[in-house]
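Notes for the one structure printed next.
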Amino acid sequence: MVLTRVFLWPLRYAVVQSRGKHSAVRMGGGQIRKAMAPFKDKAEVTVYDRQLKDTHFSWAPWVVGGQLLIFLNFADFYWRFSMEQDEETGELTPAPAWKRGGIAGISLVAGVSIGGGILHYVSRSVARMKIVDKGSAVVLETYRISGRSTLTRRYPIASMFSRDKLFTGLGDQGVTKEGSPQYSIYAKGSPYAFIMNRQGSFKDPESFDTLFHRAAVLKK
């Protein structure tokens with residue numbers, strides 16, 4: 001009798017564990033089906049809207065161009081007019097070419113990096129997100145770097161995921177997160193996240209998490 005219990009107990013434990021896992025899968029599947037229900041008979045449903053004009057970032061090219069001009073002028077000025085005092089004669093002489101070139105180069109790299117960062121942020125910012133084709137795909141409308149309109153990107157809904165939790169229970173919509181006004185969502189195969197502002201309008205934050213939140217997902 002004792003031996004029977006010893007040998008059967010691991011098998012019984014494995015069966016219980018397996019049942020628990022299948023129950024969790026069924027529960028998860030049920031939640032996903034419930035979250036997908038509003039889209040099954042709809043050609044298009046907007047689930048996020050930043051509620052800003054499509055020209056909201058029209059200032060970006062001007063700011064980028066202006067700061068690039070500032071860094072370019074600094075680089076040119078330093079290259080042509082940087083002087084050093086000769087320790088022996090006390091006279092001012094042009095700084096070594098390597099030093100002038102290095103500082104000028106750093107200035108140009110900084111200008112391009114800052115400008116590129118601003119334009120990259122604009123290009124990854126989402127104006128609207130829609131679930132289309134009865135829930136089979138996602139359409140993202142992101143801002144163009146020109147600041148004049150939006151760019152449409154389409155992905156299979158199964159390829160979209162986020163490691164962030166959208167619903168926090170705070171704020172009017174329940175999506176406010178202290179110290180983090182942005183929500184990031186990825187498309188598999190894309191190295192960079194798309195950015196949504198939590199001040200925008202979300203249709204159903206809890207269902208949004210059910211569909212897209214993943215604790216750990218491979219991007220490839």
Side-chain angles (χ1 to χ4, degrees), residues 44-76 104-132 137-168 170-205 208-209 211-214 217-220:
E44 178 181 294
V45 178
T46 300
V47 294
Y48 168 79
D49 192 332
R50 183 67 180 91
Q51 297 185 318
L52 293 174
K53 294 180 179 180
D54 290 349
T55 56
H56 175 65
F57 287 106
S58 59
W59 52 266
W62 298 98
V63 170
V64 170
Q67 65 88 29
L68 278 175
L69 189 60
I70 291 173
F71 278 99
L72 179 61
N73 285 335
F74 174 81
D76 178 66
I106 291 173
S107 176
L108 292 176
V109 169
V112 171
S113 299
I114 294 172
I118 293 173
L119 295 180
H120 179 73
Y121 174 80
V122 170
S123 70
R124 305 305 288 186
S125 295
V126 179
R128 279 167 292 278
M129 178 176 176
K130 302 174 182 178
I131 295 181
V132 301
V138 168
V139 168
L140 296 177
E141 294 181 21
T142 57
Y143 295 96
R144 294 181 184 271
I145 61 175
S146 65
R148 296 186 177 184
S149 60
T150 57
L151 176 67
T152 300
R153 308 169 190 254
R154 182 187 177 97
Y155 301 96
I157 193 168
S159 72
M160 304 297 297
F161 69 94
S162 177
R163 296 187 182 92
D164 293 343
K165 288 279 286 185
L166 177 62
F167 185 75
T168 62
L170 303 176
D172 295 337
Q173 297 186 89
V175 299
T176 300
K177 188 176 181 179
E178 294 182 4
S180 180
Q182 311 291 353
Y183 170 83
S184 299
I185 189 167
Y186 290 86
K188 285 185 179 179
S190 177
Y192 302 110
F194 292 101
I195 303 167
M196 298 180 182
N197 195 299
R198 291 176 180 269
Q199 293 180 351
S201 175
F202 291 89
K203 181 177 176 62
D204 187 343
F208 201 98
D209 278 336
L211 293 175
F212 301 113
H213 176 66
R214 308 286 184 271
V217 178
L218 294 176
K219 295 182 183 179
K220 296 183 180 179

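With rounding to the nearest 0.5 angstrom, the NZ atom of K203 is 13.5 Å from the NZ atom of K130. For the atom pair S149 OG and K53 NZ, the distance stands at 15.0 Å (nearest 0.5 Å). For the atom pair CD1 of I118 and CD of Q67, the computed distance is 5.5 Å after rounding to the nearest 0.5 Å. Note: Q173 CD to L170 CG = 12.5 Å, rounded to the nearest 0.5 Å.
The minimum heavy-atom distance between L108 and L72, with the atom names listed, is CD2-CD1, 3.7 Å. The two residues Y155 and S159 make their nearest non-hydrogen contact at CB-OG, 3.6 Å. Contact between N197 and Q182 at its shortest, heavy atoms only, is CA-OE1, 3.7 Å. Heavy atoms only, all atoms of each residue included: V122 and R144 are closest at CG1-O, 3.5 Å. Smallest separation of non-hydrogen atoms from K165 and Y183: C-CE1, 4.2 Å. Across all their heavy atoms, P61 and S146 have their closest contact at CG-O, 3.4 Å.
Aromatic rings of F57 and Y143 (six-membered ring for Trp) have centroids within the 6.0 Å cut-off, being under it. Between Y192 and Y121, the distance from one ring center to the other does not fall under 6.0 angstrom.
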Worksheet item: Run the side chain to side chain contact (heavy atoms under 4.5 Å, CB included) check on V112 and L68 step by step: do they pass?
Response: CA-CA 7 Å; V112 171; L68 278 175; 4.1 Å; yes
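At distances below 3.5 Å, at least one donor-acceptor pair connects side-chain atoms of S107 with backbone N or O atoms of F71. The backbone N or O of K177 sits nowhere less than 3.5 Å from a side-chain atom of S180 that would complete a donor-acceptor pair.
Using a cutoff of 4.0 Å between basic side-chain nitrogens and carboxylate oxygens, R128 and D54 are scored as salt-bridged. The pair E141-R153 does not count as a salt bridge, with every side-chain nitrogen at least 4.0 angstrom from each carboxylate oxygen.
When side chains are defined from C-beta on, M196 counts as touching I185, because their heavy atoms get closer than 4.5 Å.
Atom CD1 of I145 sits in a sparse spot, with 12 or fewer heavy atoms from other residues, nucleotides or ligands closer than 6.0 Å.
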